[in-house]
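This report concerns only the one structure given below.
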Amino acid sequence: MLELFKKRDFSLFWFGEMISVIGDQISLIAFPWLILQMTNSAALTGLVFAVQGIPRAVLMLAGGALVDRTSPRLMMIISNALRLLLVFSLAYMISQDTADISIVFIMAFAFGVADAFFYPASISILPSLVSRDELQAGNAIIQTTLHLGMTIGPFVAAFIIAGEIGSAAQSAELGGSGS
């Protein structure tokens, strides 16, 4: 099983998949958290979660069909580049205090659309990276990686949020002590 990591393409795919899954899990927490911070509305927090998930569910079959007609590798690169651009754009808007609720919803929707094309591509690429005899081991490694990423991502998001809350509390204490 570990000999698969000697294959450059498999190792690159595995590493990229791990980073991608962790990022996806962070986004599943980040979009609702951001809306909650902006609005203090439980309803809008749940709605942004749905806005991110619905396009993924609705478009995944179309994503799979497109992946079958094109290159899974190309589709993964395009999808990940789009998701990276969305996250950096939103982070920039937040840092400039120009992000509003509608922008967050549009970004969450676009992220969900990109996911709908990424996931079928990531599932279909493995047979082109390993031999038929290695496919079962490759699937085991990738599935384990996905589940680890689904566990690690929320922890990373929690630490980021905890750091944000701690910084905000510290700023409030410093600001409040001078009055």
Side-chain angles (χ1 to χ4, degrees), residues 4-5 8-38 44-60 62-64 66-67 70-96 98-99 101 103-126 129 138-167:
L4 286 175
F5 288 101
R8 179 184 171 274
D9 289 344
F10 179 82
S11 293
L12 288 172
F13 171 66
W14 172 82
F15 181 74
E17 190 72 358
M18 179 62 136
I19 298 301
S20 182
V21 169
I22 291 171
D24 289 347
Q25 296 306 305
I26 292 171
S27 80
L28 288 174
I29 293 171
F31 282 110
W33 176 257
L34 180 57
I35 289 296
L36 184 62
Q37 294 302 300
M38 294 172 85
L44 289 175
T45 300
L47 183 61
V48 79
F49 188 73
V51 164
Q52 187 177 0
I54 290 171
R56 181 176 44 240
V58 170
L59 295 174
M60 202 165 301
L66 184 61
V67 165
T70 62
S71 161
R73 181 178 180 274
L74 178 63
M75 196 59 55
M76 289 175 68
I77 290 169
I78 291 170
S79 297
N80 270 339
L82 178 60
R83 294 187 301 177
L84 181 69
L85 179 65
L86 290 167
V87 168
F88 279 151
S89 297
L90 185 57
Y92 177 77
M93 286 185 256
I94 291 168
S95 75
Q96 299 300 306
T98 58
I101 298 164
I103 292 291
V104 176
F105 273 86
I106 290 167
M107 295 283 195
F109 180 82
F111 204 93
V113 170
D115 282 350
F117 293 89
F118 175 81
Y119 286 116
S122 70
I123 291 168
S124 69
I125 199 168
L126 189 60
L129 302 175
N139 274 319
I141 291 169
I142 295 304
Q143 290 302 311
T144 301
T145 300
L146 292 175
H147 290 286
L148 283 173
M150 286 184 221
T151 304
I152 293 168
F155 275 113
V156 172
F159 283 115
I160 292 168
I161 290 169
E164 177 186 310
I165 292 170
S167 295

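In what follows, residues are counted from 1 in the order of the sequence shown.
- Of the inter-residue distances, the one linking Ile54 atom CD1 with Leu59 atom CG reads 11.0 Å to the nearest 0.5 angstrom.
- To the nearest 0.5 Å, atoms CD1 (Ile77) and CG (Leu84) are separated by 13.0 Å.
- Applying the 6.0 Å contact sphere to CZ of Phe105 captures more than 12 heavy atoms from other residues, nucleotides or ligands.
- Between Ile103 and Met107, the closest side-chain pair of non-hydrogen atoms falls below 4.5 Å.
- Here CG of Asp9 is found 8.5 Å from CD1 of Ile125. Values are rounded to the nearest 0.5 Å.
- Within the 3.5 Å criterion, the main-chain N or O of Asp115 finds no donor-acceptor partner in the side chain of Ser79.
- Side chain of Ser20 to main chain of Glu17: no donor-acceptor pair is present (N/O by atom type, distance under 3.5 Å, no hydrogens or angles).
- Annotation for Phe155: atom CZ does not count as buried by contact number, only 12 or fewer foreign heavy atoms lying within 6.0 Å.
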Quiz item: How far apart are the C-alpha atoms of Phe5 and Ile141, what are their side-chain angles, what is the distance that settles it, and do they pass the side-chain contact (heavy atoms from CB on, under 4.5 Å) test?
Solution: CA-CA 10 Å; Phe5 288 101; Ile141 291 169; 3.7 Å; yes
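- Atom CZ in Arg73 sits 11.0 Å away from atom CD1 in Ile78 (nearest 0.5 Å).
- By the 4.5 Å heavy-atom criterion applied to side chains, Leu90 and Phe31 are counted as neighbours.
- The shortest distance between side-chain heavy atoms of Ile142 and Phe10 falls below 4.5 Å.
- When all heavy atoms of Ala121 and Met76 are compared, the closest pair comes out as CB-CG, 3.5 Å.
- Rounding to the nearest 0.5 angstrom, the gap separating the CG atom in Leu34 from the OG1 atom in Thr45 is 9.5 Å.
- A distance-only check finds a donor-acceptor pair linking the side chain of Ser122 to the backbone of Tyr119 [under 3.5 Å].
- Pairing each heavy atom of Pro32 with each of Ser27, the nearest pair is CD-O, 4.1 Å.
- No side-chain heavy atom of Val67 sits less than 4.5 Å from a side-chain heavy atom of Phe117.
- Listed here is the closest heavy atom pair of Ala50 and Pro55: O-CD, 4.3 Å.
- The shortest non-hydrogen separation linking Gly153 to Ile26 is O-CG1, 3.4 Å.
- Taking all atoms of both residues into account, the shortest heavy-atom contact from Met38 to Ile101 is CE-N, 3.6 Å.
- Within the 4.5 Å cutoff, no side-chain heavy atoms of Ile29 are placed close to those of Gln25.
- Between atom CG of residue Leu85 and atom CZ of residue Arg83 there is a gap of 12.5 Å, rounded to the nearest 0.5 Å.
- When atom types are taken as modelled, the side chain of Thr98 and the backbone of Met93 share a donor-acceptor pair closer than 3.5 angstrom.
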